[in-house]
Amino acid sequence: MKTSFILSAAESIRDAILDHESELESLDRAIGDGDHYINMKRGAGAIVELHAELAALSADAALNKIGLKLLSTIGGASGPLLASFFMSMAKILKEKNDDTITTYAAAFTAGVEAVQQRGKAGLGEKTMLDVLIPVAQQFSALAASNADIKTTCQALMQTAEEGMLATKALIATKGRAASLGERAIGHIDPGAKSCQLMINAVCNQVLASQL
Amino acid sequence: MKTSFILSAAESIRDAILDHESELESLDRAIGDGDHYINMKRGAGAIVELHAELAALSADAALNKIGLKLLSTIGGASGPLLASFFMSMAKILKEKNDDTITTYAAAFTAGVEAVQQRGKAGLGEKTMLDVLIPVAQQFSALAASNADIKTTCQALMQTAEEGMLATKALIATKGRAASLGERAIGHIDPGAKSCQLMINAVCNQVLASQL
Amino acid sequence: MKKFINKVDDVLVESLSGFASAHHDLVKLNLDPNFLIRQQKATNKVAIISGGGSGHEPLHTGYIGYGMLDAACPGHVFTSPTPDQMLAAAEAVHADKGVLFIVKNYAGDVMNFEMAAEMLPFESATVLTSDDCAVINSTYTTGRRGVAGTVIVEKCVGSLAETGADLQTCKALGDKVNSRTASMGVALTSCTVPAAGRPTFDINDNELEMGVGIHGEPGRKRETMREADTIVQDVVNAILDALKPTANSEALLLINGFGATPLMELYLIYNTAAKLFTEHGIKISRSLVGNYTTALDMAGASITLCILDDEIKQHWDSPVHTAALRWGR
Amino acid sequence: MKKFINKVDDVLVESLSGFASAHHDLVKLNLDPNFLIRQQKATNKVAIISGGGSGHEPLHTGYIGYGMLDAACPGHVFTSPTPDQMLAAAEAVHADKGVLFIVKNYAGDVMNFEMAAEMLPFESATVLTSDDCAVINSTYTTGRRGVAGTVIVEKCVGSLAETGADLQTCKALGDKVNSRTASMGVALTSCTVPAAGRPTFDINDNELEMGVGIHGEPGRKRETMREADTIVQDVVNAILDALKPTANSEALLLINGFGATPLMELYLIYNTAAKLFTEHGIKISRSLVGNYTTALDMAGASITLCILDDEIKQHWDSPVHTAALRWGR
Ligand SMILES: Nc1ncnc2c1ncn2[C@@H]1O[C@H](COP(=O)(O)OP(=O)(O)O)[C@@H](O)[C@H]1O
Ligand SMILES: Nc1ncnc2c1ncn2[C@@H]1O[C@H](COP(=O)(O)OP(=O)(O)O)[C@@H](O)[C@H]1O
Ligand SMILES: [Mg+2]
Ligand SMILES: [Mg+2]
Ligand SMILES: [Mg+2]
Ligand SMILES: [Mg+2]
């Protein structure tokens with residue numbers, strides 16, 4: 001993975017977050033405390049501002065730095081979770097030190113596992129994991145079957161969207177919405193939405209660079 | 001003066017106050033603190049509740065008791081002023097101990113003077129005195145010229161109304177509205193309005209008993 | 001109107017009862033006439049009594065106790081108490097050194113306390129507080145209103161009284177503190193008097209009321225809402241105008257919330273106000289930030305500056321033990 | 001949104017700066033990472049550190065000082081602080097007896113403090129507060145939220161730490177106080193997060209939110225507005241359900257305002273709540289009424305009951321000297 005790709009992906013993510021201000025804000029207002037958009041904007045903005053510093057680093061070091069920066073910038077529930085995701089991903093990339101889809105899938109999966117560990121949550125608890133876990137599984141499967149990049153990206157975006165939409169019907173059992181019981185039903189989880197947006201942004205970035 | 005007259009006048013006054021709730025309330029909201037109606041209602045209600053006790057007293061003792069009751073019931077600026085009015089009126093009635101219009105006019109005038117003393121205010125300061133002073137003057141003049149009761153009552157009601165309306169154009173220099181400067185212009189003084197209502201109620205009571 | 005109340009007519013007594021019950025170690029409540037006194041009657045001192053309309057809590061009930069008030073007489077919401085309350089309270093707390101009334105300068109309060117003083121069977125004096133510089137004092141008005149600066153007067157006079165100082169000395173200190181204190185308030189929303197059931201004034205989402213009174217009385221003018229710094233700047237200027245402090249003055253800065261303004265905003269105001277006064281050569285050496293003289297549920301705040309001298313400083317710093325102000329014991 | 005603020009992004013730092021400046025005798029502020037510590041570093045004691053999203057003032061910064069916290073880490077409004085803040089604060093205040101974190105039970109706070117604890121180069125323990133009984137604790141949730149009861153935990157643990165007690169003893173007391181404490185809140189209006197610029201939730205003029213969270217999270221249910229007594233009755237019942245106190249229990253009753261509710265109403269709530277608990281055989285022997293754990297400018301209040309024992313009583317009564325809680329010195 002090239003660091004330059006990470007840098008432009010960071011910008012796409014930031015733009016995607018900014019583009020969905022009102023949606024993210026109202027989702028967290030409905031079943032949380034209304035700050036998820038602000039948190040994500042603060043985090044994404046901080047990463048884009050790191051541009052010069054990151055550009056000088058290897059991809060894995062850049063991802064690790066991104067994780068650390070998110071850790072000290074976002075706060076809330078999403079901060080340590082996303083930080084754990086990027087730092088774990090960086091670790092695998094560094095260990096494997098190659099440029100294969102299999103490695104990327106393994107790194108993504110390691111990131112998702114770190115989120116699970118940190119948040120002590122799994123599938124179906126109405127969190128970002130309802131997007132991340134299915135995407136990680138599919139990513140690994142597609143990588144194992146040598147699917148082409150375009151197919152992979154499109155499939156992952158689709159899965160992310162499905163996972164995000166699926167949170168609507170769930171009761172939350174982790175995070176702030178867990179105190180709502182039945183009242184959480186009918187609302188998409190804000191963290192799931194922002195993860196879907198980020199996956200979308202990165203996949204579209206990949207697709208664009210394939211043209 | 002018969003105590004029974006005082007008792008029914010008290011009821012008429014209470015009714016007149018209750019009938020003008022929204023007007024009194026909004027006048028004091030505009031240039032005061034919004035409690036004048038509540039104060040007057042509390043005071044008038046307390047007097048009506050004293051019915052049995054007052055009925056056993058002479059007219060002057062009843063008026064004095066009314067003053068004392070208002071003093072401990074109304075509070076605010078209007079409380080001590082109206083209390084002073086009734087207590088001074090009672091004093092003159094007791095001294096003169098007769099039933100002439102001249103005595104009533106003198107008693108009323110003494111009441112108004114007590115209000116002036118207590119409030120250290122005079123004509124044109126945008127207070128209840130803008131009703132009370134002209135009414136007292138006219139009452140004395142009409143009594144001196146032996147005007148009949150009907151003429152007297154009608155004239156006093158007219159003067160009270162004019163005095164009340166005249167406060168609209170004034171800057172306040174006493175009471176809570178004194179801090180408003182020019183901003184008080186255009187609003188009738190709440191205390192002037194409630195005095196006009198009381199004078200009206202009593203005069204109508206007299207007129208009705210003349211029929 | 002949404003409030004935690006039952007019947008509108010019971011609000012005052014239920015609230016006073018809750019106060020007396022929560023602070024039964026400090027105060028005793030008498031109902032009808034309504035007044036509160038210290039749990040332990042003080043002896044050999046001037047009795048300090050304050051009072052006024054309710055709705056400004058913790059003023060005055062929250063300041064009953066060692067080092068401050070001996071008694072407080074709460075009127076109905078925003079309505080001066082009546083003389084029978086002051087008389088009964090004075091009867092309960094006077095200790096043969098006379099009674100000092102601390103009264104905020106409003107026609108109603110002045111007249112009711114005046115009548116009480118006239119009827120009182122023992123010596124009394126009155127300190128009238130008039131720190132609200134929103135009202136430009138001129139010959140044709142009744143003078144400034146008493147607002148949050150009253151707390152400073154009550155604290156200092158209360159402290160002096162504990163030393164056994166006589167009535168006139170206590171009054172003199174109160175008058176001095178008052179003359180060295182100026183306040184001005186800003187409202188972002190109106191308050192709602194429970195018995196009225198609707199806001200006292202209408203105000204738009206983009207407006208503020210500069211110089212508002214603590215009963216929701218209109219102020220200097222209705223202005224457009226803007227950044228806190230420029231609002232604070234205007235209030236600070238009005239206070240400087242009123243006090244004309246000499247350079248190197250030392251001062252107490254009080255940022256007072258009107259009831260619905262969060263501490264976060266009050267401290268932000270403090271930050272700006274302290275900077276501006278400091279730029280003006282004033283040394284802010286004492287501070288107080290919080291809800292000390294409120295206007296029911298009004299969103300807004302006032303700034304009060306009191307120019308200190310050694311005597312005032314000593315009496316501000318001395319121990320106090322009341323429900324709302326406590327230090328040193 | 002009408003607030004006393006300048007740029008939305010500067011609210012926190014300007015407010016913290018005002019706080020530090022108003023209380024410079026008590027606290028020192030560090031910016032970037034943001035944390036506050038006592039002006040005088042304490043020695044030979046467990047360092048007590050708390051923190052959480054801002055907007056609950058005076059929680060936690062207002063509780064820094066003798067007998068309570070050594071440091072506080074304020075996050076952005078309603079957003080947990082980040083591990084670098086806790087690490088820097090711990091570095092500044094630890095005194096070789098370990099660090100005790102007092103953390104309100106929210107996923108974000110738990111995870112950020114957890115990561116800090118993992119990175120910390122010295123011994124630490126954590127007390128998770130979870131007094132909000134609006135959230136019915138069941139196997140499928142992350143458990144109750146920490147709300148106003150946190151103040152009682154901080155006061156008692158802070159007192160114990162001053163005696164030189166060790167880390168595990170301090171943690172044990174914190175856990176005990178938490179387990180004997182239950183709270184529930186009611187909102188009449190929503191709060192408005194400055195950066196969001198609009199109310200977190202919509203609520204009608206005839207509605208209340210029963211069991212609301214201190215960040216404006218929805219509660220047990222949306223109900224029709226009604227008389228205070230019946231609202232208080234429901235909250236008291238929920239607390240009794242949660243704590244199931246034995247008859248003759250002695251308790252501390254805390255009526256906490258959310259920021260925009262006047263003291264007059266809080267004392268009225270106290271009056272009713274104290275009566276109801278007393279009818280239930282509980283002896284209310286300690287009380288606290290005021291804004292202690294707020295939710296910005298939310299109109300509303302919470303009721304907290306803490307079942308006392310001799311140890312808790314002793315540590316509640318011991319001297320404390322902070323910006324928001326002070327007695328005995
Ligand atoms: N334990 C957890 N595991 C995974 N995701 C979680 C967990 N707790 C919360 N989240 C995610 O975090 C999101 C909320 O993030 P954010 O609003 O930034 O933080 P906070 O809830 O602290 O205000 C939720 O929508 C959810 O997706
Ligand atoms: N010094 C005074 N002399 C005569 N009348 C006065 C004086 N001060 C106030 N008033 C009258 O009292 C009225 C206000 O009464 P009220 O609202 O009951 O009391 P408050 O002003 O204390 O709230 C004013 O409208 C005015 O007519
Ligand atoms: Mg959130
Ligand atoms: Mg009035
Ligand atoms: Mg009034
Ligand atoms: Mg949050």
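Proteins come first, then strands; the chains are lettered A, B, ... in the order of their sequence lines, and each starts at number 1.
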Original post:
Are side-chain N/O atoms of D:T129 and D:N178 paired as donor and acceptor at under 3.5 Å?
Top reply: no

Subject >> Side chains of D:S183 and D:S302, donor plus acceptor under 3.5 Å >> reply: no

**OP:** Heavy atoms only: give me the nearest A:K126-A:T167 pair and the separation to one decimal.
**Re:** NZ-O, 2.9 Å

Original post:
Are A:F108 and A:F85 near enough that their ring centres are under 6.0 Å apart?
Top reply: yes

Given heavy-atom pairs under 4.5 angstrom as the criterion, report whether the side chain, backbone, both or neither of [X] touches chain D.
{"X": "A:I38", "answer": "side chain"}
{"X": "A:R183", "answer": "side chain"}
{"X": "A:K41", "answer": "neither"}
{"X": "A:A121", "answer": "neither"}
{"X": "A:S78", "answer": "neither"}
{"X": "A:I74", "answer": "backbone"}

Original post:
Among A:S26, A:A184, A:G79, A:G32, who wins on heavy-atom pairs under 4.5 Å with chain D?
Top reply: A:G32

Original post:
chain A heavy atoms under 4.5 Å from D:P199: which part of the residue, side chain, backbone, both or neither?
Top reply: backbone

